[in-house]
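Below is one structure; the comments refer to it alone.
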Amino acid sequence: MSELGDTTAVRRQDGPRPQEVSITLLGPLSARVGGKPVGIGSRAQRTVLALLVLADGREVPAAELAAALWGGRPPASARTRTALHVLALRAAFRAAGHHGPVVLGGPEGYRIPAGTVHADVGTFDALVTAARDAAGTGAFDEAGRLYRRALDLWHGPAPAGAGADRLWARHLEVCAAWSGAELEAGRHRQLVPALTAAVRDHPLHEQLRHNLMLAQHRSGRHADAAEEFRVWRRRCTAELGREPGRAVRALYYTVLREAPPAPRRTEPGPAVRARAAAAQLPPDIMAFTGRAAELRSLDTLLTGSSRAAVVTGPAGSGKSGLAVHWAHRSAPAFPDGVLCADLAAYDEGPAAAHALMGRFLRALGTPVPEDPAGRAACYRATLARRRVLVLLDNAPDPAWALPFLPDGGPGRVLVTSRRQADHRAVARGAVLVGLGALPASEAAALVGRIAGEERCAAEQEAVRRLCALCDGLPLALRIAAGRLAARPEWSVGLLADRLADERRRLDELSLGGLDLRTSIGRSYHRLPAKAARAYRTLALLDTPDITAWAAGVLLGVPADAAEGLLERLAAENLLTYTDAERYRLPGLLRLYARERAETEDAAHDRQEARDRAGALLFGTRGGERREAVRALCRLAGAHAAQERYARAAAVYRQVLRLAREQHDPAGEAAALLGLGELAAADGHFDEADRRLRAALAASAKADDLALTARAHLALGRQCRTLHRPALAGRHLDAALRAYRALGSLPGELAASEELALLDTEPSLNLVPRQAVR
């Protein structure tokens, strides 16, 4: 198998042959001919191509392709339309420079001849087969290495469609096989963090759960293994309607039987306890870089001035890494133990908090009271007399951890959360540590330590560009640097170029068990519906920051409601503060939100948001706001001209609210005119009359002759429609007079035509009509 790896590496270094067709299925599908991308235009074409590649030379019947394309209910023209998709694929490959046959037709369907294309799924299968052979001979180190190489071929989750479920099931199967080989090789301690992340991402996969329990048990973390089984049993009965499998149950009984009893009469010395405490921590973070100021803030837990600390920051900012690194560095200061829990596996209610307290007390060898109040009191008393560090990672909300904060004594608590801490944590004396992007120098140093310092020193500008594209987030930087370390033939500039494509950047930032998209998603899926919609809509803007007022215009809500939504997003660390009034949506968080918008929002809603953004001039000065109001009026008028009346009315109502907030009578008049004309066109004459009269008053207050003329003309039409000729004539005469004063020939003609419809000749010298008669 090593020879296969060497051959593959040589081929990559030499570059693809001019006619070589390579297709990637382990992630978003793409195809290339001699390195040139193939423009596959539609999802249907991608589905057909994926099925043909997965068939590995076998002819796929046209009926099978049609079933995949139309969900088991193909139309009568399915065979013809499938053939058209195949023709489009052939044309795409020809356009990319491939002149030979790629997709061939057969008596019943289509096939890609074996050996015609080079697919990453074939390399994946070859590596997995070799890994299984190695495991079969007891060479578990080699098996683990080969499984790892196979998993590293994945560059993102496979897109939804035919074959995706099968591919992802194979991926999870190989994840379980890899962890099994690593366990057999004795690397159980190093495996716990990766398996914890895998179980969090795939909570219903029993083999991964079994392997995590086994790794915890072999690492001496018997209480964690037993608790993992209890969590799994609750999920099985609640979501799957069954008990855990036989292998998991057998392992649980082994854990209970082999776990050492809690010490009663004698206690080990401080050095022994310190080693046991360190052993309960996840492994320290490889190549931890920077964060000197934040580490100093956490050091106040050692000096006695603070008893708790809360580390917050956006997804990927390195909260867990900082906490684990500090805990390892400070473990000797906590000879009575270090208690760790990843709260991502717990519910948010008080019952979960009490269950976790029970787990901690059992780990410390303390009897656990049954009632919640007694358990909480016992926990506080234990922390008051023992020098213990409690590390609560991934708290859903810092407030969730408040019951765990010590009231006094030597015990200390360290909490990490994606959500910002509120005043309650401050009132309890907690140190607040906020994480953001790494400074440019530290980001570059982190990439160099993982990818190779000499390699990065030779491409310093490319490294700076890569760090900027990763927003300086440690998780994104580690993934990018890990990809470089795994691909020594790549230059830093090549990866930076791949990341520069916004459509694939999040796909590129995925490596093994690390996935930035999944990390951001955990914050996004906590949002209520209105805040989630606001997050998706804000991402459609191409401006770096926004005020609450401008967000209200974009979202179609009052400024105070918009500010509440922005504050909620900022509390979840999905927005950052630029200054006291402006908010910023960083690049990677913006890309994720745009993906969600494409998936969750209708096309017309996205277009409406883009229209509003195009009409909006961002700023806080009054003049800019008035310009934005007029631009929104133009947008509403365009909607009305294209008969999108409901959308036009929504924009006019927003303009009316904004104009009144700004004491802008001209904007108010324009909005009222628009609403009145729409109401008249819809036959709501009472509402139209009320709106138009209010518009006439507002235009007079604004001293705007053009709006006054338009209001008189609209009222004249309204009165003529309602057979009120005298009143209609007065308004139309006033409109004609105003348009003449403005020198507006189209306005004069419109007023004259309306007067003609009243069977009245307009007076050229504007004397009263009674005198003309």
Side-chain angles (χ1 to χ4, degrees), residues 1-12 22-27 53-57 114-115 117-158 163-199 201-202 205-215 218-219 245 247 251 283 286 479 482-490 510-515:
M1 191 58 231
S2 59
E3 294 178 357
L4 171 63
D6 293 340
T7 302
T8 305
V10 169
R11 184 174 64 209
R12 286 176 182 153
S22 59
I23 296 176
T24 62
L25 292 179
L26 304 181
V53 172
L54 290 173
D56 197 21
V117 302
H118 172 74
D120 58 354
V121 70
T123 306
F124 177 82
D125 289 339
L127 287 168
V128 170
T129 300
R132 286 172 178 163
D133 292 343
T137 63
F140 295 109
D141 283 324
E142 176 70 3
R145 186 180 67 82
L146 293 171
Y147 278 131
R148 183 71 266 168
R149 285 180 58 190
L151 292 171
D152 285 345
L153 292 174
W154 284 78
H155 57 282
D165 291 342
R166 283 181 285 162
L167 281 173
W168 196 242
R170 286 161 67 181
H171 177 270
L172 292 178
E173 178 186 347
V174 173
C175 284
W178 166 72
S179 59
E182 294 291 289
L183 284 168
E184 293 296 332
R187 286 185 283 272
H188 36 266
R189 292 186 190 279
Q190 299 92 322
L191 200 59
V192 170
L195 280 173
T196 300
V199 166
D201 292 339
H202 310 288
H205 197 285
E206 187 162 82
Q207 187 61 47
L208 289 174
R209 184 86 60 168
H210 172 277
N211 290 357
L212 173 58
M213 288 176 57
L214 186 57
R218 290 180 177 177
S219 300
L251 176 57
M286 180 188 72
I479 293 172
R483 299 200 70 189
L484 289 172
R487 298 291 183 93
E489 70 275 12
W490 280 11
S510 175
L511 180 66
L514 300 176
D515 186 349

Can you find a pair of side-chain heavy atoms, one from Leu146 and one from Arg132, that are under 4.5 Å apart? no

Does the side chain of His205 come within less than 4.5 Å of Arg209's, by heavy atoms? no

Residues passing the salt bridge (Lys or Arg N to Asp or Glu O under 4.0 Å) test with Glu206, sequence neighbours excluded, are Arg242

Next item on the list: Inspect the contact between Glu173 and Arg170 and indicate whether a charged nitrogen and a carboxylate oxygen are less than 4.0 angstrom apart.
Entry: no

When rounded to the nearest 0.5 Å, the distance separating CG of Leu214 from CG of Leu183 is 5.0 Å

Distance col, row Leu208:CG vs Met213:CE, nearest 0.5 angstrom, shows 13.0 Å

- Item | Donor-acceptor pair, side chain of Asp120 and main chain of Leu26, under 3.5 angstrom | yes

Value for CD1 (Ile479) from CG (Leu484), rounded to nearest 0.5 Å, stands at 12.5 Å

The reported gap from CZ in Arg148 to CG in Leu127 (rounded to nearest 0.5 angstrom) is 12.0 Å

To the nearest 0.5 Å, atom NE2 of His171 lies from atom CH2 of Trp178 at 10.5 Å

message = What I'd like to find out is whether the side chain of Phe124 reaches to under 4.5 Å of the side chain of Leu25, using heavy atoms alone.
response = no

Applying side-chain contact (heavy atoms from CB on, under 4.5 Å) to Arg187 and not counting sequence neighbours gives Asp141, Glu182, Ala185, Gln190

